[in-house]
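Structure first, then comments.
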Amino acid sequence: MKPASFLTIDGPGGVGKSTITSAVVSRLRAESVPALETREPSDTPLGRLARNGTDDYRGMAMACLVAADRHQHLTHVVRPALRRGEVVVCDRYIASSLVLQGIDGLAPETVWKLNSHADRPDLAVILNARVDVLRARLKDRGAHSRYERENKSLQEWVGFQEAARFLEVVGVRVLRLDTAVEEPDALARRIVEAI
Ligand SMILES: Nc1ncnc2c1ncn2[C@@H]1O[C@H](COP(=O)(O)OP(=O)(O)OP(=O)(O)O)[C@@H](O)[C@H]1O
Ligand SMILES: Cc1cn([C@H]2C[C@H](O)[C@@H](COP(=O)(O)O)O2)c(=O)[nH]c1=O
């Protein structure tokens with residue numbers, strides 16, 4: 001199997017995506033593997049509009065906004081880094097669209113079609129954790145968005161299990177990890193081993 005160079009990390013709000021993305025990148029760099037840490041929505045004006053706009057944009061409008069940002073991100077950040085030979089580790093990608101835009105009422109097939117020109121990850125990591133753990137982490141840390149404020153942890157927990165199956169059916173390699181039972185460093189080690 002070819003080593004994964006485009007790695008995405010998705011899962012419910014508060015599951016530990018940002019923590020584990022950083023831990024994976026640190027571990028890769030410690031092993032002298034050049035790695036880029038990035039995220040979606042991206043840190044561009046379009047990405048900021050999506051990240052800060054979850055109260056203003058819903059359904060198809062939000063799905064199009066995050067898909068447009070995804071293309072901007074792929075063109076200006078992800079593909080150039082891959083061409084330089086870096087491993088790209090992206091906090092949130094298409095699985096988040098399948099689940100969150102799904103919660104807004106879109107069918108997975110619609111979201112997938114909208115993202116049909118977006119690069120497929122070499123490895124899609126899907127993090128999950130028991131709903132009580134997700135809720136406790138969000139309560140401690142505070143909500144980042146409408147999805148987290150509206151107490152959607154159960155829907156996200158189910159949604160990411162379904163998204164993992166959907167991605168496997170369309171041929172994406174998926175790694176499922178439970179962040180309620182392992183510490184971030186142990187999870188990062190398992191992800192780097194899977195690369
Ligand atoms: N494996 C883990 N074990 C214990 N606590 C964790 C673990 N991973 C993350 N946490 C804690 O859970 C909280 C949420 O983590 P983090 O912000 O990385 O989640 P996230 O999935 O990126 O959230 P969001 O979707 O809101 O961006 C943080 O306080 C973090 O320290
Ligand atoms: C990639 C992606 C993101 N979103 C939304 C979900 C959140 O409200 C923000 C991201 O913020 P977080 O701190 O990472 O939780 O963007 C979305 O709705 N769909 C997507 O595909």
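Ligands are counted one by one from 1 in listed order, and the atoms in each one are counted from 1 as well.
- Here the side chain of Asp122 pairs a donor or acceptor atom with the backbone of Ser5 at under 3.5 angstrom.
- A salt bridge (Lys or Arg N to Asp or Glu O under 4.0 Å) check over residues 154-166, counting only residues at least two apart or in different chains, returns nothing.
- With a 4.0 Å cut-off on non-hydrogen atoms, Arg39 does not touch ligand 2 at all.
- Among protein heavy atoms, the minimum distance from atom 15 (O) of ligand 2 is reached at Arg92 NH2, 2.9 Å.
- Residues Gln72 and Ser42 have side chains that never bring a donor and an acceptor to within less than 3.5 angstrom of each other.
- Distances below 4.0 Å separate heavy atoms of Ser97 from the following atoms of ligand 2: 20 (C), 21 (O).
- Contact between Asp185 and Ala23 at its shortest, heavy atoms only, is OD1-CB, 4.4 Å.
- By the 3.5 Å distance cut-off applied to N or O atoms, Thr54 is not counted among the residues near ligand 2.
- Looking only at atom types and distance, the side chain of Arg176 has no donor-acceptor partner in the side chain of Asn128 under 3.5 Å away.
- When the heavy atoms of Arg51, Arg146, Met62 are ranked by distance to atom 5 (C) of ligand 2, first place goes to Met62.
- No hydrogens or angles considered: nothing links the side chains of His73 and Thr44 as a donor-acceptor pair under 3.5 Å.
- Applying the side-chain hydrogen bond (donor to acceptor under 3.5 Å, both in side chains) test to Arg189 and every residue at least two apart in sequence or in another chain returns nothing.
- Ligand 2 is never approached by Ala50 to a heavy-atom distance shorter than 4.0 Å.
- Across Tyr57 and Arg146, no two heavy atoms sit closer than the pair O-NH2, 3.2 Å.
- Salt bridge absent: Asp10 and Lys17 never bring a charged side-chain N and a carboxylate O closer than 4.0 Å.
- Ranking the protein heavy atoms by distance from atom 19 (N) of ligand 2 puts Gln101 OE1, 2.9 Å first.
- Of the protein's non-hydrogen atoms, Ser145 CB, 2.9 Å is the one closest to atom 8 (O) of ligand 2.
- Counting the atoms of ligand 2 from 1 in the order shown, those under 4.0 Å from a heavy atom of Arg70 are 1 (C), 21 (O).
- A donor-acceptor pair under 3.5 Å is formed between the side chain of Asp104 and the backbone N or O of Gly59.
- When the side-chain hydrogen bond (donor to acceptor under 3.5 Å, both in side chains) test is applied to Arg190, the partners found at least two apart in sequence or on another chain are Glu182.
- Between the side chains of Arg149 and Thr54, not a single donor N or O lies within less than 3.5 Å of an accepting N or O.
- Counting the atoms of ligand 2 from 1 in the order shown, those under 4.0 Å from a heavy atom of Leu100 are 4 (N), 6 (C), 17 (C), 18 (O).
- The N/O atoms of Lys17, backbone and side chain alike, include none that comes under 3.5 Å of an N/O atom in ligand 2.
- Ligand 1 lies under 4.0 Å from heavy atoms of Pro12, Gly13, Gly14, Val15, Gly16, Lys17, Ser18, Thr19, Arg92, Arg137, Arg141, His144, Glu148, Thr179, Glu182, Glu183, Pro184, Leu187.
- Checked by distance only, ligand 2 and Asp91 stay at 3.5 Å or farther apart across all their nitrogen or oxygen atoms.
- Using a 4.5 Å cut-off on side-chain heavy atoms (C-beta onward), Ile195 and Leu28 make contact.
- Scanning the protein heavy atoms around atom 13 (O) of ligand 2, the nearest turns out to be His144 ND1, 2.9 Å.
- The protein heavy-atom contact nearest to atom 16 (O) of ligand 2 is Pro41 CD, 3.4 Å.
- Nearest to atom 1 (C) of ligand 2 by heavy-atom distance, out of Glu40, Arg58, Arg149, is Glu40.
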